[in-house]
Amino acid sequence: MDVNAAPNGVATIEDRILRITGYYGYYPGYSSQKRGEGAQANTENCPENHEKSRCQSCTSTFLKIAWGFLIILSVSFSWVGTTQIVKITYKNFYCPFFMTWFSTNWNIMFFPVYYSGHLATAQEKQSLLQKIRECSRIFGEDGLTLKLFLKRTAPFSILWTLTNYLYLLALRKLTATDVSALFCCNKAFMFLLSWIVLKDKFMGVRIVATIMAITGIVMMAYADGFHGDSIIGVALAVGSASASALYKVSYIS
């Protein structure tokens, strides 16, 4: 017997149950009509759901752009502020290697900040030792060993120290504005290295930008004449930018 067929115009089992139980307002085909009304309501709500999804997507995109812009501003202000402070410090205290070592030591504060964020936001909190072991897995199952340190960490430490040390030496020869502008050329060097090492896609616009950056370096060196301090300062700043570009490309590769 077909379960969908019934006497008295009752088309489905659901209609039959409603008829037997005496549901108020029942008539043959009641359930089919309700399903049709539900489908129609869902169809009418589709544009509203689509519009709501678009609003959420726009809000998420705006927040990402705003956070990115704030982070870029923070990095820029911190770098420029550090440069100006170092330039002022040189009036009474000139020790670039010690300043490089001292400023680098503050990087150790990143982990406490990261772990504090983990404790504040994570649902399943880990102990400090567990978090250190988890972060050490980047070096493999055995963690950080002397061999891995010499192979992976030591080259980046050397490039980092070289970048900051040459930058501080350049501040002795040139103004803070000139050194900051010259260091910004590391983006051009990064493009050249990524094209050679990482085999990135060749783009003519970036080549033009690289040529313009190198032209700017030459013009800044020529502005004060090619005397000793100017040439040495430009060379130190360009060396710092080159070491920074090599550091970043090596990290990606």
Could you walk me through whether T104 and N107 satisfy the side chain to side chain donor-acceptor pair (under 3.5 Å) test, starting with their C-alpha distance in whole Å, then the side-chain angles of each, then the deciding distance to 0.1 Å, before giving a yes or no? CA-CA 6 Å; T104 301; N107 289 330; 5.1 Å; no
Could you go through residues 69-77 and list every donor-acceptor pair under 3.5 Å that involves a side-chain atom there, pairing it with any protein atom two or more places apart or in another chain?
| from | atom 1 | to | atom 2 | distance (Å) |
| --- | --- | --- | --- | --- |
| S74 | OG | L70 | O | 2.8 |
| S76 | OG | I72 | O | 2.9 |

What residues form a side chain to side chain contact (heavy atoms under 4.5 Å, CB included) with T83, not counting sequence neighbours?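 Partners of T83 under the side chain to side chain contact (heavy atoms under 4.5 Å, CB included) test: W79, Y167, L171, A176, S180.
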Return the set of residues passing side chain to side chain contact (heavy atoms under 4.5 Å, CB included) with L193 (not counting sequence neighbours), or none when no residue passes. A245, L246, V249
Between A170 and V179, which heavy-atom pair has the shortest distance, and what is it?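 Shortest heavy-atom contact: O-CG2, 3.7 Å.
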Might you point out which heavy atoms bring S244 and N186 nearest each other, and give the distance in Å?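 That closest heavy-atom pairing would be OG-ND2, 3.3 Å.
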Could you work out, with ring pair (Phe, Tyr, Trp, His ring centres under 6.0 Å) as the rule, every residue matching F191, not counting sequence neighbours? none
Show which side-chain atoms of residues 91-103 pair as donor or acceptor with protein atoms under 3.5 Å away, not counting sequence neighbours.
| from | atom 1 | to | atom 2 | distance (Å) |
| --- | --- | --- | --- | --- |
| T100 | OG1 | P96 | O | 2.8 |
| S103 | OG | M99 | O | 2.9 |
| S103 | OG | T100 | O | 3.1 |

Dump the intermediate steps for side-chain contact (heavy atoms from CB on, under 4.5 Å) on L236 and L174, then the final yes or no. CA-CA 10 Å; L236 291 171; L174 301 175; over 6 Å; no
Can you tell if the side chain of K173 reaches within under 4.5 Å of the side chain of L169, non-hydrogen atoms only?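 A side-chain contact under 4.5 Å is absent here.
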With rounding to the nearest 0.5 angstrom, report the CG to NZ distance, L192 to K187. 13.5 Å
Listed partners of K131 passing salt bridge (charged side-chain N to carboxylate O under 4.0 Å, His left out), at least two apart: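 With neighbours one apart ignored, the set is E134.
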